[in-house]
Amino acid sequence: MKNADIKKIDADTYIRPCHLRFKKKFKEIMLNALSESGFYYDPVLNYDLDHPELVYRKKKGDFFIVVHKRRIVGTFAIEDMGRGKAYWKRLAILKEYRGNGWGVEAQKYLIDISKSKGFRLVVIDTLKETGMYEKYQRFGFRITKEYPEGRFTKVFMEKRL
């Protein structure tokens with residue numbers, strides 16, 4: 001890991017690629033976020049949570065953590081879909097740490113790192129009911145598709161870099 005891959009947010013908070021010894025914490029934070037949204041862990045559908053290094057460290061992808069006062073409080077990942085396309089996944093900040101702007105900083109970091117890795121297009125999906133799609137729109141993402149998924153509406157978005 002290069003120092004350029006670490007982004008300092010404030011005196012006590014930074015973003016960095018996730019070391020494998022923290023992959024259980026990566027999974028724990030995502031399971032917390034999934035349960036908040038009414039979803040439950042499925043080892044087949046959520047294979048990436050058990051093996052993020054196999055899913056995200058292929059080609060130019062990676063997975064990351066947000067650290068505050070030596071505690072991992074957030075996660076996100078970039079999956080390399082090939083042909084210059086990145087799929088941002090698993091963006092979550094623990095509930096008690098939200099409202100500090102760290103999610104915004106994570107998105108800025110994702111844009112910067114995606115550009116530096118040569119991606120030209122970023123795609124993301126979210127649930128309409130969480131309101132996250134509105135935050136992504138502020139970063140220039142546009143909705144490309146919506147469809148019902150159970151009691152939720154899945155929203156797919158993209159942004160050209």
Side-chain angles (χ1 to χ4, degrees), residues 7 9 13 15 17-18 23 25-66 68 72-161:
K7 178 180 182 173
I9 296 174
T13 314
I15 299 170
C18 187
K23 77 179 194 176
K25 191 65 177 174
F26 180 88
K27 178 180 178 180
E28 178 186 315
I29 289 171
M30 280 315 308
L31 290 178
N32 182 293
L34 286 171
S35 68
E36 278 181 35
S37 299
F39 283 87
Y40 298 96
Y41 171 72
D42 178 319
V44 175
L45 294 175
N46 304 126
Y47 175 82
D48 65 307
L49 295 181
D50 290 315
H51 307 285
E53 73 282 5
L54 299 177
V55 175
Y56 300 120
R57 291 228 164 112
K58 294 187 301 186
K59 305 178 205 166
K60 297 183 281 186
D62 211 342
F63 62 110
F64 305 86
I65 53 176
V66 179
H68 176 69
I72 299 171
V73 299
T75 64
F76 54 92
I78 299 173
E79 185 173 358
D80 185 344
M81 304 302 289
R83 303 183 133 193
K85 182 176 172 181
Y87 190 177
W88 290 359
K89 298 174 83 173
R90 305 302 189 190
L91 179 55
I93 303 290
L94 289 173
K95 194 173 197 170
E96 61 269 28
Y97 291 94
R98 293 180 193 153
N100 293 306
W102 299 339
V104 170
E105 291 300 322
Q107 287 183 60
K108 290 177 185 175
Y109 179 88
L110 277 164
I111 288 169
D112 291 345
I113 204 118
S114 295
K115 285 179 180 178
S116 74
K117 289 176 177 265
F119 292 113
R120 296 180 308 280
L121 178 70
V122 174
V123 296
I124 193 165
D125 66 80
T126 188
L127 300 175
K128 192 167 199 172
E129 291 75 11
T130 66
M132 285 300 297
Y133 76 98
E134 293 166 335
K135 293 180 184 206
Y136 296 128
Q137 284 178 317
R138 285 185 229 139
F139 272 87
F141 282 84
R142 65 178 188 82
I143 296 173
T144 57
K145 186 164 117 179
E146 291 183 46
Y147 66 88
E149 187 173 279
R151 64 182 198 268
F152 300 102
T153 302
K154 190 100 168 196
V155 178
F156 285 86
M157 306 179 81
E158 69 178 33
K159 173 184 175 66
R160 295 228 172 262
L161 299 177

Would you say the side chain of Gln137 lies within less than 4.5 Å of the side chain of Met157, judging by non-hydrogen atoms?
yes
Check whether any side-chain heavy atom of Ile78 sits under 4.5 Å from a side-chain heavy atom of Asp62, and report yes or no.
no
Might you confirm whether atom NZ of Lys25 has over 12 heavy atoms from other residues, nucleotides or ligands at distances under 6.0 Å?
yes
Test Tyr97 against Thr13 for side chain to side chain contact (heavy atoms under 4.5 Å, CB included), laying out the working first.
CA-CA 11 Å; Tyr97 291 94; Thr13 314; over 6 Å; no
Search all heavy atoms of Asp48 against all heavy atoms of Leu45 and return the closest pair with its distance.
OD1-O, 4.3 Å
Step by step, would you call Asp80 with Lys58 a side chain to side chain contact (heavy atoms under 4.5 Å, CB included)?
CA-CA 7 Å; Asp80 185 344; Lys58 294 187 301 186; 6.0 Å; no
For the student: nearest non-hydrogen atoms of Leu161 and Ser114, plus distance:
CD1-CB, 3.7 Å
Do other residues, nucleotides or ligands put more than 12 heavy atoms under 6.0 Å from Lys154 NZ?
yes
Determine the minimum heavy-atom distance between Met30 and Arg90, stating which atoms define it.
SD-O, 3.2 Å
For Lys159, does the NZ atom sit with more than 12 other heavy atoms under 6.0 Å from it, leaving out its own atoms?
yes
Counting the benzene-type ring for Trp, do Trp88 and Phe141 have ring centres under 6.0 Å apart?
yes
Any non-hydrogen side-chain atom of Arg160 less than 4.5 Å from a side-chain atom of Leu121?
yes
Is there a side-chain contact between Arg138 and Val104, using heavy atoms and a 4.5 Å cut-off?
no
Under the side chain to side chain contact (heavy atoms under 4.5 Å, CB included) rule, what do Val155 and Tyr136 come out as? Steps first, then yes or no, please.
CA-CA 11 Å; Val155 178; Tyr136 296 128; over 6 Å; no
Could you check whether any side-chain N or O of Ser116 sits under 3.5 Å from a backbone N or O of Ile113, counting only pairs where one atom can act as donor and the other as acceptor?
yes
Quick one: does Asn32's side chain have a donor or acceptor within less than 3.5 Å of a partner on Glu28's backbone?
no
Parallel, tilted or perpendicular: which describes the rings of Phe64 and Tyr109, with under 30° parallel and over 60° perpendicular?
perpendicular
Are the side chains of Glu129 and Thr153 in touch, meaning some heavy atoms are under 4.5 Å apart?
yes
State, with a plain yes or no, whether a side-chain heavy atom of Gln107 is found less than 4.5 Å away from one of Leu91.
yes
Quick one, Leu34 and Tyr41 - any side-chain contact, counting heavy atoms below 4.5 Å?
no
When you measure from the centre of the six-membered ring of Phe63, is the NZ or CZ of Lys23 closer than 6.0 Å and no more than 45° off the axis?
no
Yes or no on side chain to side chain contact (heavy atoms under 4.5 Å, CB included) for Tyr56 and Glu79, after CA distance, side-chain angles and deciding distance?
CA-CA 5 Å; Tyr56 300 120; Glu79 185 173 358; 3.9 Å; yes
Please determine if Lys89 forms a cation-pi arrangement with Tyr87, meaning its NZ or CZ atom is less than 6.0 Å from the six-membered ring centre and no more than 45° off the ring axis.
yes
Measuring only between side-chain heavy atoms, which start at C-beta, is Cys18 closer than 4.5 Å to Thr75?
no
Can you give me the closest heavy-atom contact between Ala77 and Leu110, atom names plus distance?
O-CD2, 4.4 Å
